[in-house]
Number of protein chains: 4
Amino acid sequence: MSPRKVNKEQKRREIALACFDLIHEIGMKKITVSTVAQTAGIGKGTVYEYFENKDDIIFEIINMHIEHHHNKFLELIKDVKSTRQKVFHFLDFVMIDSEENMRHFNGYKEYLSIVLSDENKSMKQFNTNCHLFFEGKLKTIIEDGIKNKEISPNSIEFIDSIMAFEKGVALQKMTQENFNSYDICEKFINNLFNILELKK
Amino acid sequence: MSPRKVNKEQKRREIALACFDLIHEIGMKKITVSTVAQTAGIGKGTVYEYFENKDDIIFEIINMHIEHHHNKFLELIKDVKSTRQKVFHFLDFVMIDSEENMRHFNGYKEYLSIVLSDENKSMKQFNTNCHLFFEGKLKTIIEDGIKNKEISPNSIEFIDSIMAFEKGVALQKMTQENFNSYDICEKFINNLFNILELKK
Amino acid sequence: MSPRKVNKEQKRREIALACFDLIHEIGMKKITVSTVAQTAGIGKGTVYEYFENKDDIIFEIINMHIEHHHNKFLELIKDVKSTRQKVFHFLDFVMIDSEENMRHFNGYKEYLSIVLSDENKSMKQFNTNCHLFFEGKLKTIIEDGIKNKEISPNSIEFIDSIMAFEKGVALQKMTQENFNSYDICEKFINNLFNILELKK
Amino acid sequence: MSPRKVNKEQKRREIALACFDLIHEIGMKKITVSTVAQTAGIGKGTVYEYFENKDDIIFEIINMHIEHHHNKFLELIKDVKSTRQKVFHFLDFVMIDSEENMRHFNGYKEYLSIVLSDENKSMKQFNTNCHLFFEGKLKTIIEDGIKNKEISPNSIEFIDSIMAFEKGVALQKMTQENFNSYDICEKFINNLFNILELKK
DNA sequence: GATGAATGAGTTTTCATTCAT
DNA sequence: CATGAATGAAAACTCATTCAT
């Protein structure tokens, strides 16, 4: 009960949580240790009690965003039945422009710009793990579809392409003007499933 | 229109040209106005005679790289006959790990990290134009293939997806460990053309 | 006088003793209050129960080292007979490069750099006392030699010079490259005793 | 004439010269880049135009002091005739407590505390060179004395000891209370020359 | 037009000391 | 008595931009 012994890991998360929105509000590049301290309502020195250095802070905040995004996705596909529909939801992240989604999307954008500029190995490793998480989910979706005889067995061949497609759409949405991600995704899924779906 | 203006533009290009390789050599992020001045053999103040600010310089250098890349690509597909082969070459940029290609690829990576971090509107505009250039080329390739009865007329529907796929592969190659872009692209093209190619 | 006070003094020594080797291991300059607390297995705040401030801690640790060095020296000359030999041992500290000796020597170096940089009066006082201790020992050695008719009575005049010489050699060993302290000390003692020793 | 091209080396010296007295006034350890900039009447950034880093500044200031000291010494012994007298002047630096001399002496003290605390190799090298300079001068003095039949040929054997003695006296003057350097040096020289001087 | 010297705001990081529990 | 979480002053260094010559 007493504050004598603080749970370091928990405090880390508390500080990061307090700064969760900084990424949207001022951009990852402009986050300074001072800002973090102020936002979390603590002293600059205190930040260094819980984080190795500035990158460590940024990393924890990003971590939190990704985790949040994972959970959102799992929630989303929980009750969906058709494979086509599940894949639609898989692409929600890049298709849907709801305010909340856009906040996450912009967080991801900032995140990418860090990963791209840093030659930070652990960032790449972390990013690979995120990729594998979603790839695993997609694989499950596709395999379930095959089992249910919804889609043809060779659908499994298209997983890599879907993953790449999704990332490409994200990138274009981030870097191009007037890019209509919804239409492009819709067309892609329809073309794809017209090929993959088994006629009954 | 005035000869003044033309000279300015020419000098801009001269300076940028002198700095063409800086992006590979020291990385876009580490380019300073001092470096540019030194590399171009002019004074730091002179740089500001021809460029608004640092971003303006970076922009011009990038411009030059993209242009160079455009020309390379046009050269590449000049004598290629089959549509499948042309699309293969279209993906050369992300598939082939030759030293020269990797230099360009890493330049593109640096470039992306700038576009993503900046909220620079003109960057986005510029990037859109680049996209449209390559999209145009791809469209021509596909349309020619349709005219030649190599591929089915609905192939035109897949252009957006190919564009997105290519960008997604690029992104993954930049941000993931042990990513095998070659195999993924090969499988993608083969799967695609098995569907699109007309049997004779 | 009160048992309180005695316990305080004892605890001071316990803490300092626990940190005895820190000086060799990480260097005096890099000792932080945190390190001291950790090494002594107590809380940072507790350190301040027993020490006024950081300098006070450092001082206590140094104290302990000097005391240790005193004892070593007394041990060393206990059974030595000839005066020349005793003076040789007097210079052991700056002549001999055994690992243990070098550890102490480097400790002394760190110590000096503190004394020189600080305008700390008590440090100077303390250092004077150390000097007087060794000067007393040297005086006894010389006086014994005179009594034994080993060396001439005016040898007493050379005590200050020997003391200064020893410190000068130490300083040079600390601050010069390729300084051969052994040869210089040997020559010095031989020259000196050739003058001072009585022929029989 | 125009400020278009500044002589970098000269400006370095100008800045260092402006800070010449900082060492006495606030102590070497407390010199900050800000202080240097303020004292020299320039901007902080400007300091870095002429110096690699903070150590580089300190080094230049020290350099200037040593150089100054060298010149003073050469001036001092120019017209002195007897060898005994020359060696007296050789020890002036540690014997005489004139205000100007004490300023230099304190500068040397600060300098030593840097050399001792840093594991900076170039500092040691530099210090060795200073030593060699004065050793050379002393050697010349002694050799001249031998040539003139003032002192015995084996006087040459005592050079190292005189050098060490001088440094030892300096160190004691820096680190001990009520240390009477004058008397000790006087006694040393007299004892020494009573032995070395040839009787006529 | 060309130059490059001067600038200072802005950033990260350390650590002795305090004080509430 | 003991503790350790919180603190913030202080310091080194970078670099885009300006402006006098």
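Letters go in sequence order (proteins before strands), and every chain restarts at 1. Worth saying up front: this structure is predicted, and the values here are computed from it rather than measured.
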Quick check on C:K29: does its NZ atom have over 12 non-hydrogen neighbours (other residues, nucleotides or ligands) under 6.0 Å away?
yes

Looking at E:dA5, I'd like to know if its phosphate oxygens (OP1 or OP2) sit under 4.0 Å from a side-chain N or O belonging to D:Y50.
no

Could you state the atom-to-atom distance from CZ of D:F51 to C1' of E:dA6 in whole Å?
15 Å

What is the distance, rounded to the nearest whole Å, between atom CD1 of B:I15 and atom C1' of E:dA2?
11 Å

Do the side chains of C:I61 and C:I57 get nearer than 4.5 Å, heavy atoms only?
yes

Taking the side chain as everything from C-beta on, heavy atoms only, tell me whether D:I62 gets closer than 4.5 Å to D:M123.
yes

Could I get the full list of ring-ring contact (aromatic ring centres under 6.0 Å, His included) partners for C:F105, not counting sequence neighbours?
C:F93

Can you check the B:I42 CD1 to E:dG4 P distance for me, whole Å?
10 Å

side-chain N/O D:K11 vs E:dA6 OP1/OP2, d < 4.0 Å
yes

Which residues satisfy the side chain to side chain contact (heavy atoms under 4.5 Å, CB included) test with A:T175, sequence neighbours excluded?
A:L171, B:L112, B:V115, B:L116, B:N127

Please name all residues satisfying ring-ring contact (aromatic ring centres under 6.0 Å, His included) with D:F59, sequence neighbours left out, ordered by chain then number.
D:F126

Nucleotide pairing, DNA chain E (Watson-Crick or G-U, distances under 3.5 Å), in dot-bracket with [ ] and |
.||||||||||||||||||||

Please state how far atom CD in B:E14 lies from atom P in E:dA2, giving the value in whole angstrom units.
11 Å

Atom CD1 in A:I31, atom CD1 in A:I58: separation rounded to 0.5 Å?
4.0 Å

Show every side-chain hydrogen bond (donor to acceptor under 3.5 Å, both in side chains) that has at least one partner inside residues 12-23 of chain C, sequence neighbours left out.
C:Q10-C:E14, C:R12-C:D56, C:R12-C:E60, C:R13-C:E67

Which letters describe nucleotides 9-15 of chain F, given B = protein heavy atom under 4.0 Å from base, S = only from sugar-phosphate, - = neither?
-BSSBBB

